[in-house]
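Counting begins at 1 with the first residue of the sequence. All of these numbers come straight from a predicted model, not from anything done at the bench. Whatever order the structure lists ligands and atoms in, that order sets their numbers, starting from 1.
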Amino acid sequence: MAILITGGAGYIGSHACLEFLKAGHDLVVVDNLSNSHEEALRRVRQLAGRDFPFHKADIRDAAAMKRIFASTPIESVIHFAGLKSVSESVSKPLLYWDNNVAGTIVLLHQMTAHGVKRLVFSSSCTVYGDPASVPIREDFPVSAVNAYGMSKVTIERMLHDLVRADPSWRIASLRYFNPVGADASGRIGEDPNGIPANLVPYITQVAVGKHPFVSVHGTDYPTHDGTGVRDYIHVTDLVLGHLKALDKLEAGPGLVTYNLGTGKGSSVLEMIHAFEKAVGRPIPHRLLPRRPGDVAEAWADPALARKELGWQATRGLDQMCADAWRWQTMNPNGYATA
Ligand code: NAD
Ligand code: WQD
């Protein structure tokens, strides 16, 4: 029996494919390559020394999904496929509702039709909106402020309703904090389209000379150095949490929700300084006003995942930066370098 990985060619999905293969699982991957390259999967196969079927298809295409479920016996689904740009979701809300929410509905229908009732879903810390305090626990209220965040809140709600209607489902919703870094091989990593909106890929592109400086968005937040604080987590630690979540689903039916974060907040300036260590020279940066819509501070209380999954992040900022830098220097133009 295989695990179906949706969005497996993407940043987190490709790292998950690698770790799941290393752990001995058989995989089937579906991705429409709207934000990724098939080259990532070629490299995953090479790194793992194992093969798996890949279907270039859209999860909204019910006929294609039906064929995929019919082609291989599938026991569970790890669901990464989705669009993830907050700003794009504000300008194109229907695209986000359609791709993320309608896509997940098609997937859930096909799972139901084929008797597959185990799912690990990629949720996000974005569901917490602007938290009243930190660290953030799973029982904090959800309050999304944009279409991307609302798509995650809505899917979580759908999963809740599904389990209530049919308690034999086994579902883990994993709320990621800020995934960064790359596999230690430097062969797979984050390859954003166009100018990156996220801090870490932007820093690496400044370090490699693609942009003149990093804009530090906001220096007057009520944080220890005035810049925004986030919970950066190494992508390999993050995907290892999915393996543990899948084990947890063995234990029994129901819906479980976990934060996947390190429990440590780092500021924008701390991140820049950690990168300077990895790169071995100063990273030019300018102190600028706040970016609209940003929260001051968001970091996880990961105690529940530690207690119930036996999982915790082990890779620190230095390794996150060193691995992101290795990927960037080995692949200056991402997968297009190949
Ligand atoms: P990504 O864009 O690199 O990967 C998503 C993959 O899904 C891409 O390969 C894309 O081509 C594919 N895809 C998108 N829509 C599809 C569709 N309709 N049919 C088939 N394939 C489709 O993003 P990522 O960073 O790897 O994120 C993976 C998941 O984790 C997403 O659901 C995202 O919302 C969630 N997440 C990401 C972050 C983050 O900061 N990277 C944080 C929290 C949650
Ligand atoms: C981190 C910090 C910025 C860029 C986003 C999504 C969220 C989730 C994770 C998917 C903030 C500052 C950034 C720059 C900067 N994704 N910054 N200069 O905003 O925490 O979260 O990714 O679910 O939904 O919103 O991540 O990397 O954009 O920003 O100063 O050029 O870096 O202000 O404090 P964010 P980020």
Q. Looking at the rings of His242 and Tyr176, which for Trp means the six-membered one, are their centres under 6.0 Å apart?
A.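 Ring centroids of His242 and Tyr176 are less than 6.0 Å from each other.
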
(Q) Are His285 and Phe275, when compared by the centres of their aromatic rings, separated by less than 6.0 Å? (A)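 No: the rings miss the under 6.0 Å criterion.
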
At the 4.0 Å heavy-atom cut-off, does [X] count as touching ligand 1?
X      : value
Val30  : no
Lys152 : yes
Gly8   : no
Ser123 : yes
Ser34  : yes
Asn99  : yes

Q. Counting only N and O atoms by type, is there a donor-acceptor contact under 3.5 Å from the side chain of His234 to the main-chain atoms of Ala313?
A.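 Between the backbone of Ala313 and the side chain of His234 there is no qualifying donor-acceptor contact (under 3.5 Å).
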
Q: Give a yes or no answer on whether the side chain of Tyr96 reaches the backbone of Ser85 with a donor-acceptor pair at less than 3.5 Å.
A: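 Side chain of Tyr96 to backbone of Ser85: a pair is present.
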
For [atom], find the nearest protein heavy atom and state the residue, atom name and distance (0.1 Å precision).
atom                    : result
atom 10 (C) of ligand 1 : Asp31 OD1, 3.4 Å
atom 30 (O) of ligand 1 : Tyr176 CE1, 3.3 Å
atom 33 (C) of ligand 1 : Tyr148 OH, 3.6 Å

Q) Could you give the distance from CH2 (Trp311) to CG (Asp237), rounded to the nearest 0.5 Å? A) 6.5 Å

Q: Mind checking the OG1-CZ spacing from Thr154 to Arg157? Nearest 0.5 Å is all I need.
A: 10.0 Å

Atoms of ligand 2 close to [X] [distance to a heavy atom under 4.0 angstrom, numbered from 1]:
X      : result
Ser124 : 10 (C), 23 (O), 24 (O)
Val216 : 30 (O)
Ser215 : 14 (C), 15 (C), 18 (N), 30 (O), 31 (O)
His217 : 4 (C), 14 (C), 15 (C), 17 (N), 18 (N), 30 (O), 31 (O), 33 (O)
Tyr232 : 1 (C), 2 (C), 32 (O)
Ala197 : 4 (C), 28 (O)

Check ion pair [X]-[Y] (N to O, under 4.0 angstrom):
X      : Y      : result
Asp323 : Arg315 : no
Arg43  : Glu39  : yes
Asp161 : Arg164 : yes
Glu250 : Arg170 : no

(Q) I need the contact type for Leu199 against ligand 2. Using non-hydrogen atoms and a strict under-4.0 Å cut-off, is it side chain, backbone, both or neither? (A)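 Contact part for Leu199 vs ligand 2: both backbone and side chain.
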
Q: Please determine if Arg230 forms a cation-pi arrangement with Phe177, meaning its NZ or CZ atom is less than 6.0 Å from the six-membered ring centre and no more than 45° off the ring axis.
A: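 Verdict for Phe177: no cation-pi partner in Arg230.
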
Using heavy atoms and a 4.0 Å limit, tell me yes or no: is [X] in contact with ligand 2?
X      : value
Asn178 : yes
Tyr148 : yes
Lys84  : no

**Q.** Partners passing salt bridge (Lys or Arg N to Asp or Glu O under 4.0 Å) against Arg50 (at least two apart in sequence or in another chain)
**A.**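 Here the qualifying residues are Asp26.
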
Shortest reach to [atom] by a heavy atom, considering only [options]:
atom                    : options                    : result
atom 6 (C) of ligand 1  : Ala9, Gly7, Pro201         : Gly7
atom 14 (C) of ligand 1 : Ala64, Ala40, Gly82        : Gly82
atom 24 (P) of ligand 1 : Met65, His15, His37, Lys84 : Lys84

